[in-house]
Amino acid sequence: MIPEQKKVMLRYTTLVLFFALMSVCIIVKAGLIMFAERQYWKDVADRFVKENVAIPPTRGNIISADGKLMASSLPEYKIYMDFKAGGYKKDTMLMNHLQEICEGLHQIFPDKSAQEFRRHILKGRKQKSRNYLLYPKRISYIEYKEVKKLPVFCLGKYQSGFHELSFNQRKKPFGSLAMRTLGDMYPDMAQGAKNGLELAYDSLLKGENGITHRQKVMNKYLNIVDKPAVDGYDIITTIDVNMQDIAEKALVDQLKNLEAQSGVAVVMEVATGEVKANVNMTRASDGNYYEMRNLAISNLMEPGSSFKTASIMVAMEDKYITPDYVVDTGNGIVNMHGSNMKDWNWHHGGYGPLDVTHILEYSSNVGVSTIIDKFYGKEPQKFIDGLRRMDIDTPLHLGIAGEASPRILGPKERSYFARTTLPWMSIGYETMFPPIYILNFYNAIANNGVMVKPKFVKAIARDGDIVEEFETEVVNPKICSDTTLMYIREILKKVVSEGLAKQAGSKQFSVSGKTGTAQISQGKAGYKSGKTKYLVSFCGYFPSENPKYSCIVSIEGPNGYPSGGVQAGSVFSRIAERIYAKHLYKDLAEAKDSTAIFIPDVKNGDLKEAAFILQQLNIASNGSSIPQGKNPVWGKATHTANEAELKKMTTNKKLVPNVKGMGAKDAVYLLESYGLRVKLSGLGKVSAQSIQPGSYIHKGQTISLTLTN
């Protein structure tokens with residue numbers, strides 16, 4: 001190759017290498033701008049005029065029925081440093097105050113030492129980074145304000161280089177309490193809500209964006225608000241934090257004890273349908289229980305024996321049976337169209353003849369299925385229609401994502417309706433219900449037959465003022481006749497007081513309800529022994545005579561022998577007793593009865609003082625007959641049902657007076673005025689004196705008085 005050609009090739013090679021190197025530099029610089037210096041250039045861009053910039057609103061709060069904050073939007077920040085901002089002057093200030101800054105950061109964020117902060121800041125200074133992350137985690141508003149107080153950082157961001165990136169973070173002050181009911185937001189709140197009330201009321205909670213633009217005013221760029229952001233509405237829920245806490249603790253304790261797979265506990269106010277507690281716990285891989293899904297409204301399960309109440313009510317409504325109707329359950333096994341129906345105690349010989357009350361008390365499968373098969377076997381659709389008259393399967397449209405609707409498929413909805421379907425349906429199989437639907441049915445029984453829609457939100461508010469209240473919505477004004485209602489309420493009370501649900505009861509008040517124990521089908525494996533799991537439950541209300549709250553407890557996959565009365569009923573009892581103690585207050589007027597005495601028990605002693613007090617309290621007495629004067633008038637006090645009676649007693653200074661029934665003050669005064677020394681023991685009124693009344697007095701003698709309440 002001639003020398004001239006070599007020179008040309010060398011020039012071309014040099015040019016290619018130069019442009020390749022330039023390309024690499026451009027790519028690297030673009031990467032730095034896109035990532036390392038993104039915030040800086042974003043800030044630079046913000047200095048120029050921008051039109052129609054959205055202003056995000058503050059998301060509304062979710063508040064409990066008792067006024068406690070359950071979910072709120074709070075700002076969080078990431079803090080950065082621009083080491084090129086402020087020039088040489090700022091850099092000098094930074095180095096002069098570096099030790100003070102690092103010690104201050106350590107005080108605010110103890111997980112990093114002052115030396116670690118020093119090394120970290122010097123590294124960023126050496127890199128001359130324009131968007132250097134000072135602390136890796138998001139910090140709270142209070143922490144951010146503390147950082148802003150530190151030297152240099154307290155200056156404006158263009159002088160100090162200190163700047164922040166703000167985030168709107170959703171916080172739940174009560175942690176996981178009612179977490180599935182409240183719902184969650186996506187990490188980037190701009191994406192909206194995932195589930196629960198956050199999603200159901202997202203359009204109200206999120207508010208409306210405002211609009212702003214940047215404009216240069218007197219050589220400064222200012223944000224000019226064209227349309228202010230409208231903050232979201234607040235949602236006032238029906239959840240009572242104390243009841244939620246009571247229900248969660250009682251349920252979780254039992255789930256841990258039984259090593260169960262999951263559990264539900266829901267408490268409703270009978271008259272209004274307000275859901276006061278909604279607990280949904282599932283066992284995680286670490287063995288602990290967390291709220292993962294809203295099982296109360298989404299978990300379709302065969303309810304088992306708690307459904308027997310509905311079956312019996314249908315037969316009562318059609319006037320086929322009354323509480324004293326008798327079924328011979330034999331030895332606890334009966335052949336139902338080729339399949340054996342068994343009672344839980346079949347291996348002990350069964351129950352024999354049972355009336356309807358005892359059929360539900362003992363939760364007899366044979367008793368219920370025999371009744372339903374006898375009267376509806378040839379007309380199964382009539383039984384289905386009877387259930388639907390009570391609206392037990394009517395979709396409630398609660399408005400919460402994931403809500404499932406009950407499934408009762410009669411002959412009209414199935415291509416094939418087997419003869420065994422009806423008997424098994426009558427005891428809670430061949431049907432599917434979320435727990436809240438079963439609770440709503442029992443709540444209607446407690447509510448004098450009025451079925452109301454469960455309610456999770458009671459009002460919408462803004463700035464503390466109620467904007468809209470949600471009234472109680474009636475689903476069915478009368479699920480059954482008064483006669484059927486009277487029968488079934490008496491039976492459900494006996495199920496707890498005399499039947500298999502005694503563990504659900506309380507010594508303080510009466511409870512009504514029904515147990516439920518159902519096998520859970522395992523798909524192709526069906527209900528085979530060894531592979532079958534159980535769902536145990538208890539659903540009821542309290543107090544029986546004047547129901548205030550209804551409650552369902554449902555536990556899936558408990559260890560040990562499955563028993564709705566023992567395993568779920570005991571949880572119901574703990575919840576009911578604690579709610580009763582905290583939330584049900586008796587009016588004192590209710591404590592009156594026909595034999596009560598409302599005239600106070602007045603002590604013996606100075607009757608003038610007693611008469612004065614009775615007069616001031618407007619209590620009827622014969623106090624006007626007591627003579628007035630300086631000297632005490634000693635006597636006894638008694639009372640009738642209508643007034644207090646004061647009777648004078650004769651005294652003789654030579655004889656020991658009778659001071660029984662007097663208070664310490666009067667007794668001591670009287671005895672010492674007679675020349676006796678007094679020794680007291682106890683509290684209350686004088687119940688005994690060591691020297692008998694009527695004995696001759698020896699001055700200076702000591703008399704001992706015993707006082708009791």
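- By the 6.0 Å contact criterion, CG on Asn288 is enclosed, its count of non-hydrogen atoms from other residues, nucleotides or ligands being greater than 12.
- Formation of a donor-acceptor pair under 3.5 Å by the Tyr233 side chain with backbone atoms of Tyr201 is not found in this model.
- The backbone N or O of Lys276 sits nowhere less than 3.5 Å from a side-chain atom of Tyr549 that would complete a donor-acceptor pair.
- A distance below 6.0 Å separates the ring centres of Phe307 and Phe433.
- Contact check for Ile555 versus Leu251: side-chain heavy atoms found under the 4.5 Å cut-off.
- A heavy-atom distance below 4.5 Å is not found between the side chains of Leu69 and Lys171.
- Remark: Ala296 engages Val264, Val266, Asn278, Asn280, Asn294 in a side chain to side chain contact (heavy atoms under 4.5 Å, CB included) (not counting sequence neighbours).
- At least one donor-acceptor pair under 3.5 Å links the side chain of Glu403 to the backbone N or O of His397.
- For the pair Ser306 and Thr515, the minimum side-chain heavy-atom distance is 4.5 Å or more.
- Looking only at distances, a side-chain donor or acceptor of Glu291 sits under 3.5 Å from a matching main-chain atom of Arg180.
- Counting only distance, with no hydrogens or angles, the side chain of Gln254 and the backbone of Ala568 share no donor-acceptor pair below 3.5 Å.
- For Asp463, the CG atom counts as loosely surrounded, since its 6.0 Å shell holds 12 or fewer non-hydrogen atoms of other residues, nucleotides or ligands.
- The side-chain hydrogen bond (donor to acceptor under 3.5 Å, both in side chains) search around Lys206 returns none, not counting sequence neighbours.
- Here the side chain of Asn61 pairs no donor or acceptor atom with the backbone of Ile63 at under 3.5 angstrom.
- Side chain of Asn476 to main chain of Lys478: a donor-acceptor pair is present (N/O by atom type, distance under 3.5 Å, no hydrogens or angles).
- Here Ser506 contributes atom OG and Phe572 contributes atom CZ; the two are 10.0 Å apart, rounded to the nearest 0.5 Å.
- One distance of note links NZ of Lys249 with CG of Asp245; it measures 4.0 Å at 0.5 Å rounding.
- A donor-acceptor pair under 3.5 Å is absent between the side-chain atoms of Asp82 and the main chain of Tyr158, judged by distance alone.
- Shown here are the side-chain hydrogen bond (donor to acceptor under 3.5 Å, both in side chains) partners of Lys507, two or more places apart in sequence or in another chain: there are none.
- Within the structure, no pair that satisfies the salt bridge (charged side-chain N to carboxylate O under 4.0 Å, His left out) test touches residues 231-244, not counting sequence neighbours.
- Leu255 has its side chain out of reach of Val571: every pair of non-hydrogen atoms, C-beta onward, lies at least 4.5 Å apart.
- To the nearest 0.5 angstrom, Arg489 atom CZ is 9.0 Å from Glu545 atom CD.
- The side chain to side chain contact (heavy atoms under 4.5 Å, CB included) check on Tyr186 picks up Gln191, Lys194, with sequence neighbours excluded.
- Residue pairs satisfying the ring-ring contact (aromatic ring centres under 6.0 Å, His included) criterion with at least one member in residues 447-490, sequence neighbours excluded, are absent.
- When side chains are defined from C-beta on, Val147 counts as touching Phe162, because their heavy atoms get closer than 4.5 Å.
- Taking 4.5 Å as the limit, some side-chain heavy atom of Ile479 sits within range of a side-chain heavy atom of Met313.
- One finds the OG1 atom of Thr237 at 9.0 Å from the CD atom of Glu274 (value rounded to the nearest 0.5 Å).
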Exercise for the section: Test Asp111 against Lys137 for salt bridge (Lys or Arg N to Asp or Glu O under 4.0 Å), laying out the working first. Expected result: CA-CA 11 Å; Asp111 58 322; Lys137 302 175 184 177; 3.6 Å; yes
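- Using a 4.5 Å heavy-atom cutoff, the side chains of Ser550 and Leu439 are in contact.
- Annotation: salt bridge (charged side-chain N to carboxylate O under 4.0 Å, His left out) contacts involving residues 57-75, sequence neighbours excluded, comprise Arg59-Glu198, Arg59-Asp202, Asp66-Lys68.
- No donor-acceptor distance shorter than 3.5 angstrom exists from the side chain of Gln503 to the backbone of Gln567, with no hydrogens or angles considered.
- Here the side chain of Tyr77 pairs no donor or acceptor atom with the backbone of Glu143 at under 3.5 angstrom.
- At a cut-off of 3.5 Å, with distance as the only test, no side-chain donor of Gln508 or Tyr580 sits close to an acceptor on the other residue.
- More than 12 non-hydrogen atoms from other residues, nucleotides or ligands lie less than 6.0 angstrom from NZ of Lys148.
- For the side-chain hydrogen bond (donor to acceptor under 3.5 Å, both in side chains) test, no residue two or more places apart in sequence or in another chain qualifies with Thr238.
- Every side chain to side chain contact (heavy atoms under 4.5 Å, CB included) that Glu413 has, sequence neighbours left out, goes to Arg388, Leu409.
- Met486 meets the side chain to side chain contact (heavy atoms under 4.5 Å, CB included) test with Glu490; sequence neighbours excluded.
- Judged as a salt bridge (charged side-chain N to carboxylate O under 4.0 Å, His left out), and not counting sequence neighbours, the contacts of Glu146 are Lys149.
- Judged as a side-chain hydrogen bond (donor to acceptor under 3.5 Å, both in side chains), and not counting sequence neighbours, Asp465 has no contacts.
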